[in-house]
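Here is the naming used below: chain letters follow the sequence lines, and residue numbers restart at 1 for every chain.
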Amino acid sequence: MTPADLSAAIVRILNGLQALGALGAGQLPADVVIERPKNREHGDWATNTALQLAKNFGTNPRALAELLAAELSQVQGVTKVEIAGPGFLNITLDAAAAGELAKLIVEAGANYGRSSELAGSKINLEFVSANPTGPMHLGGARWAAVGDSLARVLEAQGAAVTREYYFNDHGAQIDRFARSLLARARGLEAPEDGYGGTYIQDIADRVLAGTAQDILALPDHEAQEQFRALGVDLMFGEIRTSLHDFGVDFDVYFHENSLYESGAVQKSIARLSELGHMFEQDGAMWLRTTTFGDDRDRVVLKSDGDYAYIAGDIAYYLDKRERGFDQCIYLLGADHHGYIQRMMALCAAFGDQPGFNLEILIGQMVNLLRDGEPVRMSKRAGTVVTMEDLVDAVGTDAARYALARSSANSQLDIDLEQLSKKTNDNPVFYVQYAQARTRQVANNAASLGVDHSEFLPALLEHPAEGELLAKLSELPRVVAQAAEYREPHRVARYLEEVAGTYHRWYDNCRVTPLSGGSVESVHRTRLWLNDAAGTVLRNGLALLGVSAPERM
RNA sequence: GCCCCUAUAGCUCAGGGGAUAGAGCGCCGCCCUCCGAAGGCGGGCGCGCAGGUUCGAAUCCUGCUAGGGGCACCA
């Protein structure tokens, strides 16, 4: 008997009551929110559904609660239903009904927490997409952690997710990168509008070392072109390696330049012209995005004959749709929030539904601190705080966890010094330790002859076992909500709660007998619960891309 | 000027209308004669301000204040 079972039971009861004419003709809910009350005197589970639905059915909360309570108390496994306050239903289960869950979880294994809710939907999730003009920086690391975890969460709900990286290898920014490389190779300072980090020298040296050709003897524009092509490749390789080491691998690295080379840009603009959304003015071609709520129209083809940046966005979006993605999700940094309106407008211009076919998630910035002082992370300033800096300091698991455990909506302060000095500060260890503990308990149990040959859930009667079972039952709902709200941090927060609940159970309930004692049914039954907790912790950590070590 | 995000414990952050607002870290005290004390138990400290909606608001709405990020024929 899980919260989901209770919810289903209540929906059934509501249906039955309405069919009998005991309720008015209101809309019936598809499910009912079942919560664990903070105060245990309020039972194992509680719901406020009578308070929320009474108005719909033309009755008052108290009366509806009484109808529901009478029926619900007849359900098998429910021992008591009480009405509290204005119409809360407080539900108490018998230990056996609650305890069944332990076995269900163990038997489901890696599938516990997964669902087919999003089966059939084909999602393109674009994230990171950092320009190949410098090493992967801390902000990119946040989106890597959040984006990959979101992909895992969506996949756990049955969606087919393609992780995609838009690789800006076209335009003025790349030209500045190439000029900077050339300048450094000649021993000159980087141009004023160029990149000045020490990595520029490094890449320039590698370009020179990597080719037999004497690039520096070429005319300027040819030399620059060589540095552009080779330098971008090197930078790209570095970024890709950093991400891989971070546990994030993209299915598609999409090159912006390919949109221009293939003619996709012209094609997509021609399509918008046919649809009547393009116009010419001041020698430039514009997309009338104001038709769809943008605050100004946007230049697509500049008067000098070059395409504006949005031209690539237009072609890229269309390309994604033509590749068969129902939903294109973009995870962008806060400095891109101004793009939302024009992106939504171009989506609508193609006849699509903004918010469904195109969804843009904005994540706020990460501030890196060292001893409480902000560390600048501007690539141009050359004081680059890279993903490697963070990983070197705290390790991949701690880095990914620290970046993924907070809402992307809030700015995040991470103090390198604090994390690197005392890694025990990081909650990831709390969770990993609990998981490792479940393994050690299982190992000890095995060596003492405690096995899975018996499961008598009624023996799971200690209050700490009730708490643990209740907490473990929440995983499916947590994952579903993380997917629905696109908020993978919910998984991390939940795991911290599971870990705490498990530790308390561990302190109260032994899986192995004391020395001299014999193995009893209760030990064998508790082993199931121990393993169920381990399963939940491992499944959750997997959703975050964090390892679940056997021992620490 | 306009737009977006944020404001909750000493710190970093959860809390998407419900009952006494939570976690980790930090601080104080207690617990290893039995599954690793990287743990548990106890203690102290908090919803930026002012209105509104509601039976009920940290949560929704409005205004204000503060911090961050944006507002190109740049990418």
Determine if A:F88 stacks with B:rA19; use a centre-to-centre distance below 5.5 Å and an interplanar angle below 30° as the criteria.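 Base of B:rA19: stacked against A:F88.
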Face-to-face contact A:H42 to B:rA19 six-ring, under 5.5 Å, under 30°: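 It does: the ring sits over the base of B:rA19.
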Mapping A:E487 and A:H336 onto RNA chain B by nearest heavy atom, which one lands closer to the 5' end? A:E487
Axial cation check for A:W286 ring with A:R298, 6.0 Å and 45° limits: no
Pairing residues for A:F292 by the ring pair (Phe, Tyr, Trp, His ring centres under 6.0 Å) criterion, not counting sequence neighbours: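 Result, ring pair (Phe, Tyr, Trp, His ring centres under 6.0 Å) vs A:F292: A:H277.
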[N], OP1 or OP2 - any side-chain N/O from [X] closer than 4.0 Å?
X	N	result
A:Y430	B:rG40	yes
A:Y309	B:rC73	no
A:K38	B:rA19	yes
A:Y401	B:rG24	no
A:H489	B:rG15	yes
A:R437	B:rC35	no

To the nearest angstrom, how far is [X] atom [atom1] from [N] atom [atom2]?
X	N	atom1	atom2	result
A:D294	B:rC71	CG	P	13 Å
A:Y494	B:rG15	OH	P	16 Å
A:N444	B:rC35	CG	C1'	5 Å
A:Q435	B:rG36	CD	P	14 Å

Aromatic rings A:Y165 and A:Y253: how do their planes relate, parallel, tilted or perpendicular, breaks at 30° and 60°?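 A:Y165 vs A:Y253 ring planes: tilted.
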Whether A:F167 and A:H255 hold their rings parallel, tilted or perpendicular, with breakpoints at 30° and 60°: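 Judged by the thresholds at 30° and 60°, the geometry between A:F167 and A:H255 is perpendicular.
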Kindly say whether, by distance alone, the side chain of [X] makes a donor-acceptor pair under 3.5 Å with the base of [N]?
X	N	answer
A:S410	B:rC5	no
A:H503	B:rG40	no
A:R405	B:rG24	no
A:N90	B:rA19	yes
A:N409	B:rU6	no

For A:D282, answer base if it contacts any base atom (sugar-phosphate contacts may also be present), sugar-phosphate if it contacts only those atoms, and nothing otherwise; contact means non-hydrogen atoms under 4.0 Å.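 The residue A:D282 makes base contact.
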Please work out if A:L412 contacts a base, only the sugar-phosphate, or nothing of the nucleic acid, heavy-atom cut-off 4.0 Å. sugar-phosphate
B:rA19 versus B:rG15 - spacing of their P atoms, nearest Å: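 Per the computed distance, 16 Å lies between those P atoms.
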Nearest-Å distance once atom P is located in both B:rG70 and B:rC55: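 Approximately 44 Å lies between the P atom of B:rG70 and that of B:rC55.
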Of the candidate nucleotides [options], which contains the atom at the shortest distance from the side chain of [X]?
X	options	answer
A:W286	B:rG36, B:rG40, B:rC73	B:rC73
A:Q411	B:rC3, B:rG68, B:rC73	B:rG68
A:R504	B:rC35, B:rG40, B:rG36	B:rG40
A:A46	B:rG15, B:rA37, B:rA19	B:rA19

Anti or syn, where syn is a glycosidic angle within 90° of 0; which label fits B:rC27? anti
